[in-house]
Peer 1: 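Right, I'll just put the structure down here and ask away after.
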Amino acid sequence: MTVHSQGAVTSAPQDAPPKSAGLPETPAPATGPGPTPPRGGGKSLPTGWLPYLLVAPAVLALATLLLYPLIKNVILSLQDINKIEFIQRKYPFAGLDNYTELLGDTKFWTVVVRSFGFTLANVALIMVLGSLIGILLNKLGKKMRLVLSMALVMAWAMPIVASVQVFRWLFDEQFGVMNWVMRTAGFSGYEQHNWMETGLSTMVIVTILVVWGSIPFVALNMYAGLTTVGAELYEAARMDGANGWQTFWKIVFPNLKPFFLITTFLEVIWVFKAFTQVYAMNKGGPDRASEILPVFAYVEGQSQAHYGLAAAISVLTIVILVIVMSFYFRLILKQEEEQ
Amino acid sequence: MRTRRPVRPAAVAKNLGALLLALVFVFPVYWMFSSALKPADQMLTKDPVFVFTPTTANFAKATGVENFWTYVTNSVLVTVGAVLLALLVALAASFAIARMRFKGRKGLVLTVMMAQMAPWEVMVIAMYMIARDGEMLNSLPLLTAIYFVMILPFTIWTLRGFIAAVPVTLEEAAQIDGCTRGQAFRKVIFPLLAPGLMSTSLFGFITAWNEFAMVLILNKDKSAQTLPLWLTEFMSAFGNDWGATMAASSLFAVPVLLIFIFLQRKAVGGMTAGAVKG
């Protein structure tokens, strides 16, 4: 999912089971993946073909448009398809050639390291700053809280493609506001500073964009979560003489652990796959130095016409994602059991 | 804040910090709209101009491109089509998951959960090969189908929660009163699902409206492209038309901003309800 599609992710479950405010994706209490609790009245549920008929369209759609491309992706990654094979529609089997080529290529590992660094930096910034702003929201008066949350909602609602364009304009070499800000603040060398001169500086701009766009989700949810932590708990902590830091670790954090787990998990996935932000910002440039894995796969496939290789990159990306995800899935499942 | 206290420096700092943060978050949005309204000669200046006489020239240029209405039509068709399909299919599936016990139910729940994290951006190359071999490049129906499956897992997941929240006893009461199971669903559950249907369709709308990677690779033909690609049209190797880009971005963002502000009010309502009951 794209970063800005987060909107309904929070609001919907909040509307449904009111207690889970601030815990997006938390399954509704009645039907967890565990054993189904007995229904009122002990009415027997139909066990015939009806449920299968009802789920059939969804299963069919997921199989043809999600599972099939995934399988096709794996098959492609085992084929040697470049421009000529592509035009002739001949797809020779290549075994694991694409994988051995990738794994032996320093360029690939550079992109992997960059992807991890990018994800780590972004998620850390988003979680820390987002939580702090959420805490601030909780401590503000009514009016100031409205002002800040409206500003957060504006940033949250910006469509990604539009916000990428705005950031390109803010950081424009000749007429960008950022160069003016730097000059006004008294820094030299910002007459016509090219903010996207290197891969790293491009990544920094993308990071600012992603963090700016993602903080509202975390902050507003953090605030919603904080309102569910009973005031008497804070009161008790204050009576016991706890300072802000202790209150956070002893009261807030344990209470909001599911929120932190799920939000971090979602942010890792969203940032790791941030294709639009990176590609629309500078097409992975300059000189391919800001490519992260999805962009790397796209550029190899589309611009370089190495389709088999591109598919292998995407398979490896998915494998990495699954490894990271399984680690998190275990944490979340453990969390569910503890409750 | 319960008792009136003299102004403390900590409170001042807190409010100033909040104000500064609000400015930081809103500035890019403000700059987009204000740049869109700026006359060309005041746009390209080394020092930014903050006070100017607004003009609609940039909007005229942005909407004056050859395929503008094609982009609009395509975007609306694809987005609305995907959302409606997802609602229909998800309603059936989520009802079965929430209310019935059947073999494979757990597996399905897990699949839906996993499918929510599908790496669509990573699969573009495979999608491209499939579309080409099936002669479906530049196809709006294929794009609609892909967006439909992108938003389907979330829609199932959310509606399932909403259906589960409706007490079974309500349904049973309707059945005792002589409704069939189908009628009980239509007359009792469906109306209670309105908020759920609303927020899931808004979510679907935002996802499909924003999608960039798939349409970028699958639909190279301008007659089959959507608005996200239109935003990048005013960039060229010879220079960027920032005025038109900002106008296009503004027009693109307005529907989402409006939807979001509406949605946020509902979400905040839910939050406060939760706080009161919790």
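A quick note: this is a predicted structure, and the numbers were derived from the prediction, not measured. Below, chains carry the letters A, B, ... as their sequence lines are ordered, and counting in each starts from 1. Basis for what follows: all heavy atoms, side chains included, without hydrogens, waters or symmetry-related copies.
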Peer 1: Please tell me if the side chains of Q192(A) and K46(B) come closer than 4.5 Å, counting only heavy atoms from C-beta onward.
Peer 2: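 Side chain of Q192(A) against side chain of K46(B), heavy atoms only: no contact under 4.5 Å found.
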Peer 1: Considering only heavy atoms, which portion of Y30(B) lies under 4.5 Å from any heavy atom of chain A: side chain, backbone, both, or neither?
Peer 2: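 For Y30(B), neither part sits under 4.5 Å from chain A.
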Peer 1: Answer with side chain, backbone, both or neither: which region of L321(A) has an atom nearer than 4.5 Å to a non-hydrogen atom of chain B?
Peer 2: side chain
Peer 1: Measure distances from D133(B) to the heavy atoms of chain A and classify the residue's part below 4.5 Å as side chain, backbone, both or neither.
Peer 2: both
Peer 1: Determine the option with the most heavy-atom pairs under 4.5 angstrom with chain A, choosing from V124(B), I217(B), V26(B).
Peer 2: I217(B)
Peer 1: Heavy-atom pairs under 4.5 Å with chain A are the metric here; pick the option from A18(B), G17(B), A253(B), A90(B) that has the most.
Peer 2: A18(B)
Peer 1: Hey, does L216(B) have a side-chain heavy atom less than 4.5 Å from the side chain of Y298(A)?
Peer 2: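 Yes, their side chains come closer than 4.5 Å.
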Peer 1: Side chain, backbone, both or neither: which part of R145(A) has an atom under 4.5 Å from a heavy atom of chain B?
Peer 2: neither
Peer 1: Any chance you could lay out the ring-ring contact (aromatic ring centres under 6.0 Å, His included) test for W169(A) and F234(B), step after step, and finish with the verdict?
Peer 2: CA-CA 12 Å; W169(A) 172 223; F234(B) 310 98; over 10 Å; no
Peer 1: Measure the shortest side-chain to side-chain distance between D172(A) and W242(B) over non-hydrogen atoms and say whether it is less than 4.5 angstrom.
Peer 2: yes
Peer 1: Checking Y91(A) against chain B: side chain, backbone, both or neither under 4.5 Å from a heavy atom?
Peer 2: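 The side chain, not the backbone.
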Peer 1: Once you round to the nearest 0.5 Å, how far does CE of M117(B) lie from CD1 of I318(A)?
Peer 2: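 Reported value, rounded in 0.5 Å steps: 14.0 Å.
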Peer 1: Give a yes or no on whether the ring-centroid distance for F175(A) and W31(B) is below 6.0 angstrom.
Peer 2: no
Peer 1: With chain A, which of T45(B), L142(B), T245(B) has the greatest number of heavy-atom pairs at distances under 4.5 Å?
Peer 2: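 The answer is T45(B).
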Peer 1: When the ring planes of F25(B) and W212(A) are compared, do they come out parallel, tilted or perpendicular, using 30° and 60° as the limits?
Peer 2: parallel
Peer 1: List the atom of Q165(A), the atom of M246(B), and the distance in Å for their closest heavy-atom pair.
Peer 2: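 It is O-CE, 3.5 Å.
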Peer 1: Could you tell me the separation between the CG atom of D47(B) and the OG1 atom of T184(A), rounded to the nearest 0.5 Å?
Peer 2: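 These two atoms lie 6.5 Å from each other.
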Peer 1: Just wondering, do M129(B) and I81(A) contact through their side chains at under 4.5 Å, heavy atoms?
Peer 2: yes
Peer 1: Please look at F252(B) and chain A and tell me whether the side chain, the backbone, both or neither of the residue comes under 4.5 angstrom of a heavy atom of that chain.
Peer 2: both
Peer 1: Heavy-atom cut-off 4.5 Å, strictly under: side chain, backbone, both or neither for F33(B) against chain A?
Peer 2: neither
Peer 1: Return yes when atom NZ of K72(A) has more than 12 non-hydrogen atoms of other residues, nucleotides or ligands closer than 6.0 Å, and no otherwise.
Peer 2: yes
Peer 1: List the atom of N73(A), the atom of V122(B), and the distance in Å for their closest heavy-atom pair.
Peer 2: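 Scanning both residues completely, I find the closest heavy atoms to be ND2-O, 4.5 Å.
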Peer 1: Please enumerate all residues that pass side-chain contact (heavy atoms from CB on, under 4.5 Å) together with A61(A), with sequence neighbours excluded.
Peer 2: F148(B), V149(B), L152(B)
Peer 1: Counting only non-hydrogen atoms closer than 4.5 Å, does V59(A) touch chain B with its backbone (N, CA, C, O), its side chain (CB onward), both, or neither?
Peer 2: side chain
Peer 1: What part of N179(A) gets within 4.5 angstrom of chain B, counting heavy atoms only: side chain, backbone, both, or neither?
Peer 2: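 For N179(A), neither part sits under 4.5 Å from chain B.
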Peer 1: Taking it one step at a time, do L54(A) and M100(B) satisfy side chain to side chain contact (heavy atoms under 4.5 Å, CB included)?
Peer 2: CA-CA 10 Å; L54(A) 288 175; M100(B) 300 173 187; 3.7 Å; yes
Peer 1: Answer with side chain, backbone, both or neither: which region of I75(A) has an atom nearer than 4.5 Å to a non-hydrogen atom of chain B?
Peer 2: neither
Peer 1: Could you check whether the rings of F86(A) and Y128(B) sit parallel, tilted or perpendicular, using 30° and 60° as the cut-offs?
Peer 2: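 Judged by the thresholds at 30° and 60°, the geometry between F86(A) and Y128(B) is parallel.
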Peer 1: Please name the pair of heavy atoms, one in A151(A) and one in A22(B), separated by the smallest distance, quoted to 0.1 Å.
Peer 2: CB-O, 3.4 Å
Peer 1: Given a strict heavy-atom distance threshold of 4.5 Å, which part of L53(A) is in contact with chain B: side chain, backbone, both, or neither?
Peer 2: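 Interface part for L53(A): neither.
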Peer 1: I need the minimum non-hydrogen distance between P48(B) and V177(A), along with the two atoms involved.
Peer 2: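 That would be CB-CG2, 4.4 Å.
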Peer 1: Carefully, step by step, assess M158(A) and V256(B) under the rule side chain to side chain contact (heavy atoms under 4.5 Å, CB included).
Peer 2: CA-CA 7 Å; M158(A) 273 286 278; V256(B) 183; over 6 Å; no
Peer 1: Under 4.5 Å from any heavy atom of chain A, what part of L229(B) do you find: side chain, backbone, both or neither?
Peer 2: neither
Peer 1: Let me know if Q302(A) has heavy atoms under 4.5 Å from chain B in its side chain, its backbone, both or neither.
Peer 2: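 Both parts, heavy atoms under 4.5 Å.
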Peer 1: Quick check for you: among V24(B), L231(B), T232(B), L227(B), which has the greatest number of heavy-atom pairs under 4.5 Å with chain A?
Peer 2: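 With the most close heavy-atom pairs to chain A, the winner is L231(B).
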Peer 1: Counting only heavy atoms closer than 4.5 Å, note whether M154(A) contacts chain B via side chain, backbone, both or neither.
Peer 2: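 Both parts, heavy atoms under 4.5 Å.
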Peer 1: If we only count heavy atoms from C-beta on, is the F102(B) to L50(A) side-chain gap below 4.5 Å?
Peer 2: no
Peer 1: Are any of the side-chain heavy atoms of F275(A) and W120(B) separated by less than 4.5 Å?
Peer 2: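 SC-SC contact between F275(A) and W120(B) ruled out.
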Peer 1: Closest approach of P69(A) and I130(B), non-hydrogen atoms and distance?
Peer 2: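 Minimum heavy-atom contact is CA-CD1, 3.7 Å.
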Peer 1: Heavy-atom pairs under 4.5 Å with chain A - which of V89(B), L85(B), V112(B) has more of them than the others?
Peer 2: V89(B)
Peer 1: With only heavy atoms counted, which part of I156(B) is less than 4.5 Å from chain A, the side chain, the backbone, both or neither?
Peer 2: side chain
Peer 1: Got a second to check how far L62(A)'s CG is from T111(B)'s OG1, nearest 0.5 Å?
Peer 2: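 Interatomic distance, L62(A) CG to T111(B) OG1, rounded to 0.5 Å: 8.0 Å.
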Peer 1: In sequence, state the C-alpha distance, the side-chain angles, and the governing distance for V164(A) and F212(B), and then conclude on side chain to side chain contact (heavy atoms under 4.5 Å, CB included).
Peer 2: CA-CA 12 Å; V164(A) 175; F212(B) 177 74; over 6 Å; no
Peer 1: At a heavy-atom separation under 4.5 Å, does M114(B) approach chain A through its side chain, its backbone, both, or neither?
Peer 2: side chain
Peer 1: Looking at P28(B) and V166(A), what are the two nearest heavy atoms and their distance?
Peer 2: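 Nearest heavy atoms, P28(B) then V166(A): O-CG1, 3.3 Å.
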Peer 1: Is chain B contacted by the side chain of L136(A), its backbone, both, or neither, given a heavy-atom distance below 4.5 Å?
Peer 2: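 Looking at L136(A), just its side chain touches chain B.
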